[in-house]
Student: 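Sharing a structure with you now.
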There are 2 protein chains.
Amino acid sequence: MKHEDSSWCCYQLSLYRSPTNRVGVCKQEMLQKKNAVLVDGVILNGPIMDSKAGEKFVEDACKIIMEEVVQKADDITEKVCEWQAPEKLKQILDLEMRDTGECDQKVLQLCRDVIKYSVKTNHPRFFNQLYAGIDYYSLVARFITEALNPSVYTYEVSPVFLLVEEAVIKKMIEFIGWEEGDGIFNPGGSVSNMYAMNLARYKFCPEIKEKGLSGLPRLVLFASEECHYSMKKAASFLGIGTENVYFIKTDERGKMIPEELEKQVQRARKEGSAPFLVCATAGTTVLGAFDPLDKIADICEKHGLWFHVDASWGGSALISRKHRRLLHGIHRADSVAWNPHKMLLAGIQCCALLVKDNTGLLKKCYSAEAAYLFQQDKFYNVSYDTGDKSIQCSRRPDAFKFWLMWKALGTVGLEERVNRALALARYLVEEIKKREGFQLLLEPEYANVCFWYIPPSLRKMEDGPEFWQKLHQVAPIIKERMMKKGSMMLGYQPHWGKVNFFRQVVISPQVSREDMDFLLDEIELLAKDL
Amino acid sequence: MKHEDSSWCCYQLSLYRSPTNRVGVCKQEMLQKKNAVLVDGVILNGPIMDSKAGEKFVEDACKIIMEEVVQKADDITEKVCEWQAPEKLKQILDLEMRDTGECDQKVLQLCRDVIKYSVKTNHPRFFNQLYAGIDYYSLVARFITEALNPSVYTYEVSPVFLLVEEAVIKKMIEFIGWEEGDGIFNPGGSVSNMYAMNLARYKFCPEIKEKGLSGLPRLVLFASEECHYSMKKAASFLGIGTENVYFIKTDERGKMIPEELEKQVQRARKEGSAPFLVCATAGTTVLGAFDPLDKIADICEKHGLWFHVDASWGGSALISRKHRRLLHGIHRADSVAWNPHKMLLAGIQCCALLVKDNTGLLKKCYSAEAAYLFQQDKFYNVSYDTGDKSIQCSRRPDAFKFWLMWKALGTVGLEERVNRALALARYLVEEIKKREGFQLLLEPEYANVCFWYIPPSLRKMEDGPEFWQKLHQVAPIIKERMMKKGSMMLGYQPHWGKVNFFRQVVISPQVSREDMDFLLDEIELLAKDL
């Protein structure tokens with residue numbers, strides 16, 4: 001049953017929706033109806049929204065989304081992107097927000113344009129970032145989330161999503177190899193690393209929560225040279241300072257050298273500073289390297305340092321019986337960041353910070369005990385009101401999309417996804433070795449395949465500064481050409497003195513061997529005149 | 001055109017989807033096909049996903065979402081919540097994630113259950129939080145976001161969403177009254193306040209980014225007693241310390257008293273600490289109070305303090321020509337937090353931190369210049385790669401949902417929404433005054449209507465500690481009853497020595513006068529024996 005007085009609903013809309021596809025009713029007519037209540041010039045009878053028209057709009061839009069995004073997700077004849085330069089795209093899209101609204105037909109056209117000019121990150125040939133592809137189950141979970149519009153802080157307003165988060169965290173903890181623990185989903189690996197850093201600091205000196213860092217010795221933390229840039233962002237944001245991140249040298253494969261870590265910890269102690277945290281990386285962003293966790297754990301134990309593992313990218317290998325050895329020793333970590341939105345396709349964002357402690361450290365560190373939200377005299381067990389563990393107030397139910405996907409695919413299905421991505425990366429590596437003009441940076445251990453393409457004109461040049469300088473310019477040119485053609489997307493970057501090289505990331509289950517072959521063929525084609 | 005080799009797709013699924021509704025193909029058969037490529041035991045031909053079945057699943061699920069959520073959003077005969085205690089709900093929902101997946105029919109049933117037992121935050125009688133209702137345009141934008149799965153950091157991967165964010169920020173700045181400025185969408189008002197605090201600190205002493213707070217004088221910031229609890233969370237997280245938030249007394253309406261601020265700034269100076277920031281609140285969480293921005297701006301100017309306005313809740317009044325006077329003086333702020341996901345229904349989360357500075361302060365403060373993401377040798381103008389202003393790496397395109405809604409409704413439509421919500425609140429206040437047993441805490445100036453319900457048995461009691469002690473227990477009982485009945489949801493809390501009272505928040509355009517009357521009738525009904 002709808003509101004009895006729903007005939008009121010269209011009037012106000014008609015005021016500002018012109019031209020409109022909805023039927024307006026004149027104000028005078030409305031006021032003549034019985035029970036009309038006018039406050040501050042606003043008629044308060046009945047709802048203001050025309051729900052039938054709204055539902056129709058949602059249905060029409062869903063049809064467009066199905067046709068233009070979902071059904072095209074595995075269509076390799078579609079473009080990955082429809083490139084337009086910023087100034088041109090501004091002209092094409094009608095960005096201006098005006099006093100009067102647009103009719104639904106115009107808004108639907110806007111939706112089409114937004115889709116058309118957006119990069120298709122679920123296209124089988126989108127290899128540009130550490131996420132790609134489409135998972136139908138997680139997608140449905142995300143649609144449900146948006147329709148229900150929940151915020152996860154109290155059991156009272158998010159009963160299902162709080163229980164789901166608890167179950168997912170428990171399961172992730174099981175895969176890390178802890179007997180118990182705690183955790184919280186949050187908006188990204190960067191934020192997860194911040195959570196861990198603050199938690200380690202709290203454990204080191206709980207008084208910092210109230211007193212702050214002023215007057216304390218300089219806190220120092222350690223991470224490899226190859227760690228994610230969020231370590232610097234976190235150190236700056238948390239008032240620790242980027243200079244107090246001591247970067248540890250890595251070996252030729254990008255892994256932290258434990259002996260170098262030991263040296264730096266001793267150096268920090270000698271300087272009179274206060275080392276408190278080591279951040280190892282399981283799956284570095286560029287090279288996909290895994291730090292030797294077990295050896296790093298030894299050093300942390302020896303020096304009493306919090307051991308955090310940033311497994312935002314590599315954590316998903318824990319699901320694979322074949323590949324979880326990459327993270328050998330992770331069970332010794334005090335905290336772990338793990339993003340199922342990357343390798344496992346849970347959708348941006350789906351990131352957990354997991355903590356081994358089970359004495360309520362997370363809550364003690366983060367709680368502010370807002371009385372208006374976390375009332376203690378509720379009629380249910382308020383230990384389910386977990387929102388006070390968060391730095392956020394409103395929080396999205398990101399665990400839910402991972403949960404629904406896991407329910408549908410099973411652990412074995414998730415494992416299959418990881419195994420396949422890594423087998424495809426392995427296939428690509430072997431193909432690269434066979435082809436003239438392609439050169440691997442290093443043998444990868446994960447899904448990051450880093451390589452140079454040496455175009456025909458450079459193949460006979462002598463090795464030397466001029467060669468590398470010229471090679472440095474090749475990847476950006478190829479990238480520009482592939483973007484403008486829209487045939488695929490692939491990242492490049494310089495790295496620690498190495499000139500621009502491609503980083504190919506294999507994730508999506510929509511991808512096959514044929515796409516790997518295409519990638520190499522296409523680079524050759526795009527660069528044949530270089 | 002789909003992948004040529006798509007006949008391969010079903011094999012691996014059949015391994016672990018049992019019982020399954022999809023046709024499996026035996027491995028032997030697959031391997032006999034031409035070109036079979038097997039790496040590490042994984043067949044790499046064709047995609048692993050059965051996209052037709054996946055699309056069918058999404059379509060079936062969308063039907064459920066339309067019927068069970070979207071079409072019921074304005075149906076007052078539906079329950080707001082289907083209450084179950086945590087232990088019982090765990091039994092009902094099959095939370096366990098297993099090795100093998102469930103068939104699509106089972107997953108669809110799970111979706112139904114998730115919806116059934118979730119709180120309907122878009123129900124016309126959900127008054128529990130600072131968000132409510134449904135907006136069909138923002139909902140569609142959110143569905144598009146989920147389908148496209150973008151991350152907003154570089155123009156290359158998010159061309160449309162970066163331009164949209166730029167346009168929305170520009171428009172919000174216009175409504176604040178600044179001539180120019182900068183900003184970033186981020187996951188919540190709490191995080192926005194953190195951004196502002198760190199930015200103010202950076203402006204105060206840029207070296208903190210590299211050096212940290214160690215060895216510096218104690219930084220002190222000021223906020224009213226009524227400010228959001230995120231101020232404490234932020235001070236703790238940023239290493240400033242909760243004790244260094246000096247809470248300023250408020251008047252009887254919950255507004256910061258400027259003279260008290262002046263005193264506290266002077267006290268901080270005398271103590272030798274370093275005051276750097278004043279956080280005013282425009283729309284406090286419980287009372288909906290607006291601090292006197294213009295007078296606070298005078299004090300900030302006088303003392304050279306950064307002036308931040310937490311307008312997470314109240315910012316939307318800027319859209320209303322009638323009500324924007326509540327924020328008089330906001331144009332003098334250095335930064336503003338504003339959440340369109342609250343009063344304007346943009347969907348959780350949609351929150352901007354806006355900054356008056358236009359010299360690149362935001363970028364200077366937050367950048368880490370990751371070479372793998374923010375390459376400087378791209379073929380387009382890299383000033384559009386705005387992701388380095390963020391504390392996040394992956395970031396959702398939250399501006400987009402606000403933009404699409406604004407396009408559809410126009411400024412006048414958004415204004416209408418604010419005016420109507422405040423008119424409904426005004427109507428409720430007048431009704432409360434008329435009814436026996438209801439008592440207002442204070443005359444509200446925004447959409448928060450705070451009141452006690454005094455049940456029959458307490459009406460003749462003498463005013464005194466016993467009366468208030470008994471009254472304190474009333475709201476939790478009524479709340480329990482309304483939750484178990486599922487007829488509506490309404491928050492309560494104690495506050496600064498005042499015993500438990502209800503906080504009614506009016507937002508949704510689906511709400512009408514009839515719902516206000518119902519609210520009061522229902523409280524009377526639920527509490528008639530108390």
Side-chain angles (χ1 to χ4, degrees), chain A residues 1 16 37 39-40 42 44 46-49 51 54 61 69 74 77 95 97 99-101 107 118 136 140 142 146-147 160 167 187-188 190 209-214 218 229 232 236 239-241 243 368 370 372 379 392-393 406 408-413 423 427 476 480 493 509-510 512-513, chain B residues 1 16 37 39-40 42 44 46-49 51 54 61 65 69 74 77 95 97 99-101 107 118 136 140 142 146-147 160 167 187-188 190 209-214 218 229 232 236 239-241 243 368 370 372 377 379 392-393 406 408-412 423 427 480 493 509-510 512-513:
Chain A
M1 193 191 80
Y16 52 86
V37 174
V39 173
D40 289 346
V42 182
L44 298 182
I48 194 180
M49 304 271 289
S51 56
V69 190
D74 66 343
T77 62
L95 292 170
M97 289 146 279
D99 287 351
T100 51
V107 180
S118 286
Y136 301 102
V140 161
R142 284 134 65 195
E146 295 304 337
V160 175
S190 298
K209 183 175 177 180
E210 286 87 30
K211 304 279 182 196
L213 293 168
S214 170
R218 189 164 55 88
Y229 72 99
K232 278 171 80 174
S236 153
I240 290 168
E243 286 179 5
Y372 80 93
F379 67 97
Q392 301 177 270
C393 181
W406 202 326
L409 298 176
T411 308
V412 184
Y427 172 82
E480 176 173 0
Q493 63 280 299
Q510 281 87 3
S512 69
R513 176 193 70 77
Chain B
M1 194 189 78
Y16 51 87
V37 175
V39 174
D40 289 345
V42 182
L44 299 183
I48 195 180
M49 303 271 289
S51 56
I65 294 169
V69 190
D74 65 344
T77 63
L95 291 171
M97 290 147 277
D99 288 350
T100 51
V107 180
S118 286
Y136 301 102
V140 161
R142 284 134 66 194
E146 294 304 337
V160 175
S190 298
K209 183 175 178 180
E210 286 88 30
K211 305 280 182 195
L213 292 169
S214 169
R218 189 164 55 88
Y229 71 99
K232 278 172 80 174
S236 154
I240 291 167
E243 287 180 3
Y372 80 93
D377 55 1
F379 67 97
Q392 300 177 269
C393 181
W406 202 326
L409 298 176
T411 308
V412 184
Y427 171 82
E480 176 173 359
Q493 63 279 299
Q510 280 86 6
S512 68
R513 176 192 71 75

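A, B, ... follow the sequence lines: proteins, then strands. Residue 1 opens every chain.
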Student: List the atom of B/Ala147, the atom of A/Val69, and the distance in Å for their closest heavy-atom pair.
Tutor: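 The pair with the smallest heavy-atom distance is O-CG1, 3.5 Å.
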
Student: Using a cut-off of under 4.5 Å on heavy-atom pairs, state which of A/Ile240, A/Thr411, A/Val39 scores highest against chain B.
Tutor: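 Of the candidates given, the most pairs with chain B belong to A/Thr411.
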
Student: Let's test your reading of the structure: which of B/Glu210, B/Gln493, B/Arg218 forms the most heavy-atom pairs below 4.5 Å with chain A?
Tutor: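 Among the listed options, the one with the most contacts to chain A is B/Glu210.
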
Student: Hey, what do you get for OH (A/Tyr229) to OG (A/Ser190), rounding to the nearest 0.5 Å?
Tutor: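 That separation rounds to 5.5 Å.
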
Student: May I ask you to decide if A/Leu44's main-chain N or O and B/Arg513's side chain share a donor-acceptor pair within less than 3.5 Å?
Tutor: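 No, the answer is negative, given that no donor and acceptor are paired below the 3.5 Å cut-off.
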
Student: Quick one: of A/Gly188, A/Ser118, A/Ala61, who has the most non-hydrogen atom pairs under 4.5 Å with chain B?
Tutor: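 Going by pairs under 4.5 Å, I would pick A/Ser118.
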
Student: Select one option (side chain, backbone, both, neither) describing which atoms of B/Val140 are under 4.5 Å from chain A's heavy atoms.
Tutor: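 Both parts, backbone and side chain.
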
Student: A/Gly239 and A/Leu213: which non-hydrogen atoms are nearest, and at how many Å?
Tutor: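 Scanning both residues completely, I find the closest heavy atoms to be O-CD1, 3.3 Å.
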
